Amino acid sequence: MNIENLYKKIDTIDSNNHLKAGLYFSIIQIKKDNPSLSSDVNSIYLDAKRFISIYIQSIDERDLGYDIIDINKLKKCINICGNKHEQFLLSQNSYRILKAKGFEEESKQMKKIVNSKKTELLYERPYYLGKYIRILFHLSTYNLFSIISTIFILFLISLIVLLPAPYKSWEIYNVTYHSYSDSFLANHIINLLSNIFGIKNSFNIETNSIFGILSIIAIKLFYIVFIVNYLYKKVIDILNNN
């Protein structure tokens with residue numbers, strides 16, 4: 001089929017967005033098999049962006065009970081673009097349009113695709129230290145479950161770090177506990193939780209080493225910056241989007 005004829009056909013259609021979307025999808029599939037037909041003016045990315053917008057608009061206009069958004073079709077269109085950055089941008093664009101049009105269930109499905117594409121994009125980037133930190137931050141805020149898991153793991157690490165060392169010479173911290181329970185482990189957990197939530201009691205952590213001081217400062221800063229600020233904002237975003 002002649003690509004130019006398809007574009008001309010689209011230009012002659014005024015109101016039938018469903019037909020326009022079908023023609024754009026045909027163009028995308030043809031260009032996928034014939035990359036030489038793609039140009040800067042009419043690249044697969046731009047055609048995919050037009051298709052997504054018109055396809056969602058066409059479903060919104062038809063408003064038929066059996067006519068729902070085919071997320072697999074959108075996903076197929078997004079994946080045709082070989083560039084990971086373009087795939088991420090297309091999935092973001094799809095999510096924004098679906099959300100704006102009131103397709104709540106479909107927008108939730110597309111949000112998962114956005115997260116997946118962002119993960120792929122981050123892994124594709126060249127090696128540098130910040131790359132893995134960004135991947136860690138992204139994966140830890142994937143959804144509410146991953147956020148809760150991240151907070152639990154961080155709490156578990158803090159719990160283990162502050163446990164008494166097996167030998168006196170290995171001790172970095174001198175921990176004074178407030179008595180809540182006869183069980184040492186239960187008391188250890190309750191004391192740490194009370195400290196995190198700012199409950200006043202006799203729980204106290206002391207250290208005589210520079211490493212101990214720096215590690216306590218690092219832990220507190222990490223809790224303030226990562227959990228109190230970053231994760232809190234992510235939870236609010238997820239709740240608002242749901």
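Just so it is clear, the model here is predicted, and its values are computed rather than measured. For reference, positions follow the sequence shown, starting with 1.
- In Leu156, the CG atom is crowded: over 12 heavy atoms of neighbouring residues, nucleotides or ligands sit closer than 6.0 Å.
- Considering all non-hydrogen atoms of both residues, Val175 and Leu162 come closest at CG2-O, 4.0 Å.
- With hydrogens and angles ignored, the 3.5 Å screen pairs no side-chain donor or acceptor of Asn174 with any backbone N or O of Thr207.
- A continuous path of hydrophobic side-chain contacts links Ile205 to Leu185 [ILVMFWY only; heavy atoms under 4.5 Å].
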Ile59 vs Phe103, side chain to side chain contact (heavy atoms under 4.5 Å, CB included): CA-CA, chis, key distance, verdict: CA-CA 10 Å; Ile59 301 298; Phe103 293 99; 4.2 Å; yes
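- Remark: the Asn195 side chain and the Lys200 side chain contain no N/O donor-acceptor pair separated by less than 3.5 Å.
- Under the 4.5 Å side-chain criterion, counting only non-hydrogen atoms from C-beta, Ile189 is not in contact with Phe184.
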Could you go step by step and tell me if Asn79 and Lys32 meet the side-chain hydrogen bond (donor to acceptor under 3.5 Å, both in side chains) rule? CA-CA 11 Å; Asn79 288 336; Lys32 176 193 173 185; over 6 Å; no
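- Between the side chains of Asn204 and Tyr177, no donor-acceptor pair of N or O atoms lies under 3.5 Å.
- Within the 4.5 Å cutoff, the side chain of Leu121 has no heavy atoms near those of the Gln87 side chain.
- Side-chain atoms of Thr176 do not come within 3.5 Å of backbone N or O of Phe203 as any donor-acceptor pair.
- The side-chain heavy atoms of Arg96 and Asn93, taken from C-beta on, include a pair separated by under 4.5 Å.
- Pairing each heavy atom of Asp70 with each of Tyr55, the nearest pair is N-OH, 2.9 Å.
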After noting the C-alpha distance and the side-chain angles of Lys99 and Glu104, does the key distance pass the salt bridge (charged side-chain N to carboxylate O under 4.0 Å, His left out) rule? CA-CA 6 Å; Lys99 191 73 176 173; Glu104 294 299 328; 3.3 Å; yes
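- Both Leu192 and Ile157 belong to a common hydrophobic cluster when Ile, Leu, Val, Met, Phe, Trp and Tyr are linked at side-chain heavy-atom distances under 4.5 angstrom.
- Proximity of Phe88 to Glu86: side-chain heavy atoms (C-beta onward) are nowhere separated by under 4.5 Å.
- For the residue pair Ile78 and Ser94, the shortest heavy atom distance occurs at CD1-OG, 4.0 Å.
- Residues His18 and Ser58 come closest through the heavy atom pair N-CB, 3.5 Å.
- At a cut-off of 3.5 Å, with distance as the only test, a side-chain donor of Ser215 or Tyr173 sits close to an acceptor on the other residue.
- In this structure, a donor-acceptor pair under 3.5 Å is absent between the side chains of Gln109 and Lys75.
- Closest heavy-atom contact between Ile56 and Ile69: CA-CD1, 4.0 Å.
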Checking Ile113 against Ile71 for the side chain to side chain contact (heavy atoms under 4.5 Å, CB included) test, could you report, in this order, the C-alpha distance in whole Å, the side-chain angles of both residues, the deciding distance, and whether it holds? CA-CA 10 Å; Ile113 296 173; Ile71 291 295; 4.0 Å; yes
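- The environment of Asn34 atom CG is dense: over 12 non-hydrogen atoms of other residues, nucleotides or ligands sit within 6.0 angstrom.
- For the pair Lys111 and Tyr95, the cation-pi criterion (under 6.0 Å, within 45° of the ring axis) is fulfilled.
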So Glu106 and Met110, side chain to side chain contact (heavy atoms under 4.5 Å, CB included) or not? Walk me through it. CA-CA 6 Å; Glu106 291 84 353; Met110 184 53 65; over 6 Å; no
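- Smallest separation of non-hydrogen atoms from Asn187 and Ser181: OD1-N, 3.2 Å.
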Step by step, would you call Arg50 with Asp47 a salt bridge (charged side-chain N to carboxylate O under 4.0 Å, His left out)? CA-CA 5 Å; Arg50 293 171 190 138; Asp47 289 327; 2.9 Å; yes
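- Partner of Phe51 under the ring pair (Phe, Tyr, Trp, His ring centres under 6.0 Å) criterion, chosen from Tyr24, Tyr45, Phe25: Phe25.
- At a threshold of 4.5 Å between non-hydrogen side-chain atoms, the residues Leu90 and Cys81 count as touching.
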Using the side chain to side chain contact (heavy atoms under 4.5 Å, CB included) rule, take Thr12 and Lys9 through it: C-alpha gap first, then chi angles, then the decisive distance, then the call. CA-CA 5 Å; Thr12 63; Lys9 178 67 175 174; 4.1 Å; yes
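- Between Gln29 and Lys76, the closest side-chain pair of non-hydrogen atoms falls below 4.5 Å.
- Side-chain contact between Leu23 and Ile13 is present, with at least one heavy-atom pair separated by less than 4.5 Å.
- Hydrophobic clustering (side-chain heavy atoms under 4.5 Å, transitive across Ile, Leu, Val, Met, Phe, Trp, Tyr) groups Leu159 together with Ile216.
- Inter-residue side-chain proximity for Ile27 and Ile10 is flagged as met; some heavy-atom pair is nearer than 4.5 Å.
- The neighbour count for Lys49 NZ, taken as heavy atoms of other residues, nucleotides or ligands under 6.0 Å away, does not exceed 12.
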